[in-house]
There are 2 protein chains.
Amino acid sequence: MTTPKFQPLYRQIKALITDRLIAGEWVPGAPIPSEMDLAASLGVSQGTVRKAIDELASENIVVRRQGKGTFVATYSEERAKLRFLRLTASDGSAEALENRLLSCERGKATAQIARMLDVARGSSIIDISRVLSFAGTPVILDRIVLPAAPFAGVSAELINEYSGSMYRMYETRMGISMVRAEEHLTAVGADGPVATALGVAEGTPLLSNERVAYTYGDKPMEWRLGLCLTTAHHYVNLLD
Amino acid sequence: MTTPKFQPLYRQIKALITDRLIAGEWVPGAPIPSEMDLAASLGVSQGTVRKAIDELASENIVVRRQGKGTFVATYSEERAKLRFLRLTASDGSAEALENRLLSCERGKATAQIARMLDVARGSSIIDISRVLSFAGTPVILDRIVLPAAPFAGVSAELINEYSGSMYRMYETRMGISMVRAEEHLTAVGADGPVATALGVAEGTPLLSNERVAYTYGDKPMEWRLGLCLTTAHHYVNLLD
DNA sequence: GAGTGGTCTAGACCACCAA
DNA sequence: TGGTGGTCTAGACCACTCA
């Protein structure tokens with residue numbers, strides 16, 4: 001999949017740090033060794049370690065704090081409350097978000113889900129449905145599918161305990177940090193059940209947001225389909 | 001607007017290079033002085049200039065080519081044909097894109113447009129409408145608004161000459177490079193005129209894409225509203 | 001004051017490119 | 001062959017944090 005070839009030293013060091021992250025050597029929020037320590041233990045100069053950590057920091061895998069150290073990135077310290085959720089109230093208000101769980105069941109992966117999550121077809125999955133509301137108004141109907149094995153402890157009770165903050169739950173309960181996500185956006189009309197769940201008329205235009213989230217090493221761990229009502233909210237995207 | 005304060009040397013150098021870009025000292029595609037030359041003329045070390053250029057490169061303002069030099073980024077060398085247009089065929093095919101101009105007129109900025117483009121209300125603007133088609137099927141209805149002064153030469157003929165590649169035209173004809181853009185996405189239903197233009201039924205869900213594009217120094221230069229038919233295409237977004 | 005990340009320097013060698 | 005960016009080193013000083 002990757003092209004090994006000759007890699008600059010700093011990339012080898014970056015890979016080495018990533019491997020130790022995958023191995024769970026440092027949990028989210030914990031400090032990694034200082035640049036000097038890493039440099040000494042690896043037998044390279046501090047500047048080289050620095051460049052490796054620079055890249056990890058620019059990918060939000062790690063967070064630097066001057067005078068304190070470098071820490072494994074945590075979902076909770078993301079800028080906004082909602083890491084990947086870029087939905088913003090069009091009038092600029094910052095409403096609280098409420099989570100209502102519709103279901104949380106075990107099932108088997110369909111061909112499509114299996115491909116997305118890079119698991120065998122028919123393997124066990126967890127299938128979650130919920131509605132997210134801003135200020136009492138339903139705004140998002142989410143369906144979330146997880147591979148069952150790494151997420152064994154997931155239950156309706158646990159999700160409610162985290163008030164629907166899924167990524168925070170993954171991180172603190174399963175030790176799984178999401179590092180990257182890919183989204184496909186389309187516009188769709190609300191069909192019967194969806195319209196009912198969101199309390200809108202059938203055919204209401206919705207922003208469909210299909211997302212695959214990846215953990216360290218680009219391993220897909222979550223598939224999600226969000227149907228968003230965008231009458232009072234919009235999805236913000238910065239390009240450069 | 002910005003906080004001057006004390007800036008690291010490399011940021012001051014970055015600002016200095018940006019200023020010279022704004023001044024038009026180097027046109028898109030032209031090489032900027034080598035790291036050694038800049039370092040010598042500014043009286044700093046090569047590593048410091050390097051860090052300044054690193055940031056400009058990571059913002060796609062400048063492109064490095066090993067063994068050749070560093071060049072002002074050009075729209076034409078963007079990865080895909082369509083720099084900011086992230087619409088992809090759902091079946092993975094890469095269809096050619098056709099551009100049909102509906103209108104290109106002079107007008108006055110409304111309050112909303114004036115705010116978005118940071119110009120005075122009522123100042124002269126250019127108002128363009130067009131339909132983009134993939135493989136003969138209309139997919140996007142675009143409305144593009146530009147401040148008239150910097151884009152004085154824009155005409156229907158000129159746009160057709162560039163087959164609708166607006167950003168390439170801005171760059172080669174007006175010397176204006178877009179560096180950054182902010183998009184707001186929502187789902188809407190096609191109203192009468194829109195439905196006609198795209199050849200779909202009224203009420204068909206469309207992905208509404210409102211975009212402001214910025215040139216050097218974060219100056220807004222283009223407002224755009226794209227209404228996209230997403231039955232066979234989707235908008236791709238990578239998060240990290 | 002000790003330790004951390006942040007900046008800056010000076011110089012070395014490498015990989016790549018063009019003439 | 002000479003010039004460019006890419007990597008790596010070694011060491012200096014600064015700004016911040018915390019005991």
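Nothing here was measured: the structure is a model prediction, and the numbers come from that model. Here is how names work: the chains are called A, B, and so on, in the same order as the sequence lines, proteins then strands, and each is numbered from 1.
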Using atom types as modelled, flag every donor-acceptor pair under 3.5 Å from a side chain in residues 21-32 of chain A to any protein atom, sequence neighbours excluded.
residue	atom	partner	partner atom	Å
A/Glu25	OE1	A/Arg20	NE	3.1
A/Glu25	OE2	A/Arg20	NE	3.1
A/Glu25	OE2	A/Arg20	NH2	2.7

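Closest to the B/Thr48 side chain, of the nucleotides C/dC8, C/dG6, D/dT4, is C/dC8. Across C/dG6, D/dA10, D/dG5, the shortest atom-to-atom separation from the side chain of A/Ser45 is found for D/dA10. Taking the side chain of B/Pro8 as heavy atoms from C-beta on, and the options C/dG5, C/dC8, D/dT17, the nearest nucleotide is C/dC8. In this structure, the nucleotide among D/dT9, C/dC8, C/dG5 sitting nearest to the side chain of B/Leu9 is C/dC8.
Separating the OH atom of B/Tyr10 from the C1' atom of C/dG5 is a distance of 12 Å, rounded to the nearest angstrom. In this entry the distance linking CD of B/Glu55 with P of C/dG6 reads 13 Å, nearest Å. Atom NZ in B/Lys68 sits about 8 Å away from atom P in C/dC17, given to the nearest Å. Atom pair A/Ile32:CD1 and C/dG5:P shows a separation of 8 Å (rounding to whole Å applied). For A/Arg64 and D/dA15, the CZ to C1' distance is 15 Å, given to the nearest whole Å. Between the CD atom of B/Glu35 and the C1' atom of C/dA10 there is a distance of 15 Å, given to the nearest Å. Remark: P of D/dT9 and NZ of A/Lys51 are 12 Å apart, rounded to the nearest angstrom. Rounded to whole Å, atom P of D/dG2 lies 17 Å from atom CG of B/Asp37.
In this structure, a donor-acceptor pair under 3.5 Å is absent between the side chains of B/Tyr10 and B/Arg50. Side-chain polar atoms of B/Tyr214 and B/Glu222 form no donor-acceptor pair below 3.5 angstrom.
Listed pair B/Ser34 / D/dG3 fails the phosphate criterion, with no side-chain N or O lying under 4.0 Å from OP1 or OP2. Distances shorter than 4.0 Å separate some side-chain N or O of B/Arg50 from OP1 or OP2 on D/dG6.
Residue-to-nucleotide proximity on DNA chain D shows that, of A/Gln66 and A/Val44, the 5′-proximal contact is made by A/Val44.
Cation-pi geometry between B/Arg64 and B/Phe71 is not satisfied (NZ or CZ under 6.0 Å from the ring centre, within 45° of the ring normal).
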Exercise for the section: Dump the intermediate steps for side-chain hydrogen bond (donor to acceptor under 3.5 Å, both in side chains) on B/Tyr235 and A/Asn237, then the final yes or no. Expected result: CA-CA 11 Å; B/Tyr235 182 102; A/Asn237 203 17; 2.8 Å; yes
